[in-house]
Amino acid sequence: FSAYEPGGGLIGNIAEKDLTEVEGHYGSKISIRNDVADKLIQLKDAATRDGIFLAFTSENSGYRSSKKQTKLYNEWLQGKHKDIPYVAPPGTSEHESGKAVDFDLRAMANQESFPEKVVRVAMDRFGFSSRQDAIKALRKEHADSTYEWLVENGAQYGFEQSYASGKNREDWHWRFNPALLNKGDV
């Protein structure tokens, strides 16, 4: 893996033949290194069996070339991505290694249209008088359950949250770590 890590010769320069396109739910797709793709697909399939539908935030939420990372970083510096708290400088992003994934934790909740009865129960349960507040709370519950599923199950497939604490915490950003696979078979 060292050639793919920051400072390595292949960081941000992975050949197309060494990448696999992986489809998430709701039409989301990313490219990821071939040696990571099978485990990502297994993770997604296991989540689906448990009623969790994993999607990716965008086509940029898997592998990013150095050129793509540079463009994203420069746009972020110019204030064009106010919804993104931080973008790593080119040559330092785990996305350039081809083993990082950004999951859209709210994708399942945003696809869900809640029946009126569910909204009314949520209004009572959360103490809201507004339907919109209840729907917002239901969507947050869906996002939280997606994140909790990843925390509980990700390591079985070799995935760990990259930034799990502190001011730079990113619940959506996960990386493949093959050392996790030695702790138990899937």
Side-chain angles (χ1 to χ4, degrees), residues 1-50 52-77 80-81 83-108 110-111 146-147 149-151 153-164 168 170-183 185-186:
F1 277 86
S2 61
Y4 294 107
E5 301 304 323
L10 295 177
I11 188 84
N13 295 303
I14 301 173
E16 283 291 320
K17 70 178 180 60
D18 296 323
L19 297 169
T20 298
E21 185 176 84
V22 175
E23 189 171 337
H25 286 281
Y26 312 116
S28 62
K29 295 178 185 172
I30 61 167
S31 291
I32 199 92
R33 278 197 342 230
N34 294 339
D35 58 331
V36 177
D38 284 343
K39 289 298 180 186
L40 179 57
I41 292 166
Q42 289 173 16
L43 174 79
K44 182 190 74 132
D45 290 348
T48 302
R49 285 191 298 274
D50 288 343
I52 301 293
F53 302 104
L54 295 178
F56 310 115
T57 57
S58 73
E59 67 182 22
N60 290 322
S61 60
Y63 169 68
R64 291 183 201 141
S65 67
S66 293
K67 182 179 178 181
K68 209 180 263 191
Q69 185 68 26
T70 299
K71 181 178 187 284
L72 183 63
Y73 181 70
N74 288 337
E75 289 174 352
W76 179 75
L77 288 175
K80 293 182 180 178
H81 298 287
D83 57 330
I84 302 173
Y86 177 74
V87 174
T92 67
S93 173
E94 288 181 337
H95 288 285
E96 291 174 281
S97 74
K99 65 177 188 173
V101 178
D102 289 341
F103 291 106
D104 185 347
L105 301 178
R106 295 193 174 269
M108 186 167 74
N110 290 338
Q111 301 297 321
T146 300
Y147 173 71
W149 189 95
L150 285 165
V151 168
N153 297 282
Q156 294 175 51
Y157 302 90
F159 286 88
E160 63 186 357
Q161 188 178 353
S162 297
Y163 308 104
N168 294 327
E170 295 182 354
D171 292 349
W172 63 89
H173 185 86
W174 293 70
R175 68 176 165 227
F176 181 72
N177 177 355
L180 295 174
L181 298 174
N182 296 331
K183 295 180 179 180
D185 293 326
V186 176

* Asked: Pick from Leu150, Leu180, Leu43: which one makes a side chain to side chain contact (heavy atoms under 4.5 Å, CB included) with Tyr157?
  -> Leu43
* Please determine which of Ile52, Asp171, Val151 meets the side chain to side chain contact (heavy atoms under 4.5 Å, CB included) test together with Thr146. => Ile52
* Structure fact -> Applying salt bridge (charged side-chain N to carboxylate O under 4.0 Å, His left out) to Glu23 and not counting sequence neighbours gives none
* Asked: Of all residues at least two apart in sequence or in a different chain, which pass the salt bridge (charged side-chain N to carboxylate O under 4.0 Å, His left out) check with Asp45?
  -> none
* To do: Hey, could you give me each pair passing salt bridge (charged side-chain N to carboxylate O under 4.0 Å, His left out) that has a residue in residues 154-164? Not counting sequence neighbours.
  => Glu160-Arg175
* Sequence neighbours left out, what pairs pass salt bridge (charged side-chain N to carboxylate O under 4.0 Å, His left out) with at least one residue falling in residues 52-69? => Arg64-Asp102
Between [X] and [Y], is any pair of side-chain heavy atoms under 4.5 Å apart?
| X | Y | value |
| --- | --- | --- |
| Asn13 | Ser66 | yes |
| Asp18 | Asp35 | no |
| Val101 | Phe56 | yes |
| Leu72 | His81 | yes |
| Gln69 | Thr92 | no |
| Lys39 | Phe159 | yes |
| Tyr63 | Ile14 | yes |

* Any side-chain donor-acceptor pair under 3.5 Å between Gln161 and Tyr147? -> yes
* To do: Would you kindly say whether Ser162 and Glu170 are connected by a side-chain donor-acceptor distance under 3.5 Å?
  => no
* **Over all atoms of both residues, closest heavy-atom pair of Ile30 and Gly62** => CG2-N, 3.7 Å
* Structure fact -> For Lys44 and Leu54, the nearest pair of non-hydrogen atoms, with its separation, is CA-CD1, 4.0 Å
Run the side-chain hydrogen bond (donor to acceptor under 3.5 Å, both in side chains) test against [X] and tell me which residues pass, sequence neighbours left out.
| X | answer |
| --- | --- |
| Asn74 | none |
| Thr48 | His25 |
| Asp38 | none |
| Tyr73 | none |

* To do: Verify the ring-centre separation between Trp76 and Tyr86: is it less than 6.0 angstrom?
  => yes
* Centroid-to-centroid, His173 to Tyr163, below 6.0 Å? -> yes
Once side-chain contact (heavy atoms from CB on, under 4.5 Å) is applied, do any residues pair with [X], and if so which ones, sequence neighbours excluded?
| X | result |
| --- | --- |
| Lys17 | Ala15 |
| Ala37 | Thr20, Val22, Ile32 |
| Ala55 | Tyr26, Ser28, Asp104, Ala107 |

* Backbone N/O of Lys80 and side chain of Glu75: donor-acceptor pair under 3.5 Å -> no
* Asked: Counting distance only, does the side-chain N/O of Asn177 pair as donor-acceptor with the main-chain N or O of Gly158 below 3.5 Å?
  -> no
* Spacing of OG belonging to Ser97 relative to CZ belonging to Phe176, to within rounding of 0.5 Å -> 11.0 Å
* Asked: What residues form a ring-ring contact (aromatic ring centres under 6.0 Å, His included) with Trp149, not counting sequence neighbours?
  -> none
